[in-house]
Amino acid sequence: MATTNWTLPDHPTLPKGKTVAVVVLDGWGEASPDQYNCIHVAQTPVMDSLKNGAPEKWRLVKAHGTAVGLPSDDDMGNSEVGHNALGAGRIFAQGAKLVDAALASGKIWEDEGFNYIKESFDKGTLHLIGLLSDGGVHSRLDQVQLIVKGASERGAKRIRLHILTDGRDVLDGSSVGFVETIENDLAQLREQGVDARIASGGGRMYVTMDRYENDWSVVKRGWDAQVLGEAPHKFQNALEAVKTLRAEPKANDQYLPPFVIVDESGKSVGPIVDGDAVVTFNFRADRMVMLAKALEFPDFDKFDRVRVPKIKYAGMLQYDGELKLPSNETVKFGHVTFFWNGNRSGYFDETREEYVEIPSDSGITFNEQPKMKALEIAERTRDAILSGKFDQVRINLPNGDMVGHTGDIEATVVACKAADEAVKMVLDAVEQVGGIYLVTADHGNAEDMVKRNKAGQPMLDKSGSIQILTSHTLQPVPVAIGGPGLHPGVRFRSDIQTPGLANVAATVMNLHGFQAPADYETTLIEVVDK
Ligand SMILES: O=C(O)[C@H](O)COP(=O)(O)O
Ligand SMILES: [Mn+2]
Ligand SMILES: [Mn+2]
């Protein structure tokens, strides 16, 4: 059998042995300057100097749509696809696109996963758990509709949906419309004799969709509602649930409390029991892995599951290639490890890598602490650079994104300033060791906090207030290179017209003195005589 040769060819000009700092600013895009562009409003002298100081060493790259493996150029970027592209150096079809293709070809119904869960359809219930929105980041409503329809046509007689409301990848308040849409579909199925209903729900950030083991109580709340059929709020139908819970002061789709749907006698309509099938319909991994562990691990000590039903469980994708979940931190830690490494947890080589997690504040929304742990991340990065132990030090600074998702403009301005200060500390350390930096971002967010019409003007809601955009954007992101270790002849090429994040990996390999493999997206840099 032929063995792969992983040795990279030497770069013809660029030297090896320089420390390279790769800095990813989460949610930091480039957009026209106005009062809703928090990066523009914030004092960001370091990022400004990179942009204005060296025009041949700063440029924009695409971070959304087909450039990062999403189905269309209407799809905003996100952390999973952005970091995958940054790490992989190539453009792979991402979860959203793979599921679209499997649904369009009908292959999804022939796959092992569907055949496995189908065995439960005769006697058991099919439960579908996931994010109900058309954000296209973790899941998509049209896919859920097709799955419900397709499963019912293929023998599922009793279907229960456990919905998570969004408000983060889509406008706050849009949950009501999504619930209406799916309720209509379910009503039609009921007319055809399929017992299909929503059984439970809750806001994504408070129920189920935690990530990187930041706060297991979030997953527990979901478990109680979805599996045990228990929640503090009980309603007869999901539309009433969402409308009533949204009427509470300060209510927000992201944080709706858990609820269960009950029958006339007050009994939950859809706990998960022995013999049932469960499908988690998010294609994105990070916020489903914890639930997958709770559903699958025989030894589990993160919370008391009370009852562990014997189920057949499948996900839309394999969420973790290392742990094989399903078998068939921190809020961003996994972005520069797990996502970067192609949704694979754990080290490639423990002797050569060290992953450092700076735990986030938990139990708060990040507009309360917009500086987050930027300073701590920067200090650890500085120390790692100064230690001389590493060829490459890679970090993700979460502020622009995490605070941007809260929709709090003032706090997002503070967040952007904090991220800029963190970049300064990293660049100072690079300076001290004679190293090289590459600063970029995984997608936009903080640079535009308002929903706009086609002409680019802010849109107003019925009461005349601007419609706050909590989600990511379609904007390009910057890439800046520099540092005393950078060969003086290095500059960005002008012959690649629309590069994307996938071009960064080959660039970084060059900065380490190597050429990228032939199938990588081309490097952004060239070396001219100086
Ligand atoms: O999971 C989230 O927080 C959002 O849906 C997307 O944000 P991220 O892609 O930046 O993680
Ligand atoms: Mn991100
Ligand atoms: Mn985000």
Side-chain angles (χ1 to χ4, degrees), residues 23-29 38-39 63-64 68-70 75-87 94-96 130-140 164-172 174-175 203-212 214-215 218 252-255 282-291 319 329-340 343 360 365-367 370 372 377 394-408 412 415-416 419 440-449 469-478 501:
V23 178
V24 181
L25 290 157
D26 213 299
W28 191 285
C38 294
I39 298 172
H64 81 287
V68 288
L70 289 168
D75 292 307
M76 62 190 160
N78 69 69
S79 292
E80 179 179 52
V81 301
H83 285 83
N84 273 181
L86 284 166
Q94 295 284 330
L131 185 67
L132 194 77
S133 99
D134 64 5
V137 173
H138 293 268
S139 63
R140 272 208 343 257
L164 302 161
T165 53
D166 191 345
R168 188 172 176 89
D169 301 325
V170 290
L171 293 187
D172 183 40
S174 56
S175 60
R204 57 176 283 176
M205 298 303 282
Y206 192 61
V207 178
T208 300
M209 280 176 61
D210 187 45
R211 66 178 162 204
Y212 308 140
N214 186 44
D215 183 358
V218 175
N252 173 318
D253 285 351
Q254 296 190 49
Y255 289 91
N282 286 16
F283 40 72
R284 174 158 151 177
D286 57 343
R287 296 190 184 275
M288 275 294 128
V289 167
M290 292 168 76
L291 173 59
Y319 296 130
E329 147 192 87
T330 314
V331 292
K332 294 284 188 185
F333 167 65
H335 287 29
V336 273
T337 53
F338 175 72
F339 282 159
W340 197 281
N343 286 10
S360 303
T365 54
F366 287 101
N367 54 337
M372 300 182 67
I377 295 171
R394 180 165 80 224
I395 59 164
N396 187 73
L397 290 166
N399 307 65
D401 182 67
M402 291 303 288
V403 188
H405 279 304
T406 67
D408 182 332
T412 307
C416 293
T440 188
D442 59 341
H443 52 76
N445 184 338
E447 79 288 356
D448 200 1
M449 298 292 289
L469 190 75
T470 54
S471 72
H472 299 171
T473 68
L474 303 172
Q475 295 301 123
V477 299
L501 289 175

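Note that ligands are numbered from 1 as they come in the structure, with each ligand's atoms numbered from 1 the same way.
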ask   = Should one rank M402, E80, R284 by closest heavy-atom distance to atom 11 (O) of ligand 1, which comes out on top?
value = R284
inquiry  = Using a 4.0 Å cutoff against the non-hydrogen atoms of H138, which atoms of ligand 1 qualify?
reply    = 1 (O), 2 (C), 4 (C), 5 (O)
task = Go through the steps for H405 and H472 under the test ring pair (Phe, Tyr, Trp, His ring centres under 6.0 Å), then give the verdict.
result = CA-CA 8 Å; H405 279 304; H472 299 171; 4.8 Å; yes
remark   = The atoms of ligand 1 lying under 4.0 Å from a heavy atom of N78, numbered in the order shown, are 9 (O)
query = Hey, is R211 one of the residues with a heavy atom under 4.0 angstrom from ligand 1?
reply = yes
remark   = Counting heavy atoms under 4.0 Å, the part of M209 that contacts ligand 1 is neither
query = Shortest non-hydrogen contact from L131 to N282?
reply = N-OD1, 2.9 Å
request  = Could you tell me which atoms of ligand 1, counted from 1 in the order shown, lie closer than 4.0 angstrom to a heavy atom of H472?
outcome  = 6 (C), 7 (O), 8 (P), 9 (O), 10 (O)
task = Decide whether T165 and D253 meet the rule of one side-chain donor and one side-chain acceptor closer than 3.5 Å.
result = no
ask   = Going by the atom numbers of ligand 1, which of them fall below 4.0 Å from some non-hydrogen atom of H443?
value = 10 (O)
ask   = Do you see an N/O/S atom of H405, backbone or side chain, under 2.8 Å from the Mn ion (ligand 3)?
value = yes
ask   = Taking just the N, O or S atoms of D442, which one is nearest to the Mn ion (ligand 2)?
value = OD2
ask   = In D26, which N, O or S atom comes closest to the Mn ion (ligand 2)?
value = OD1
request  = Identify the heavy atoms of L25 and A441 that sit nearest to each other, and give their distance.
outcome  = O-CB, 2.9 Å
request  = Number the atoms of ligand 1 from 1 as they appear, then name those within less than 4.0 Å of a heavy atom of D26, with their elements.
outcome  = 10 (O)
inquiry  = Please determine whether the number of non-hydrogen atoms from other residues, nucleotides or ligands lying under 6.0 Å from atom OH of Y255 exceeds 12.
reply    = yes
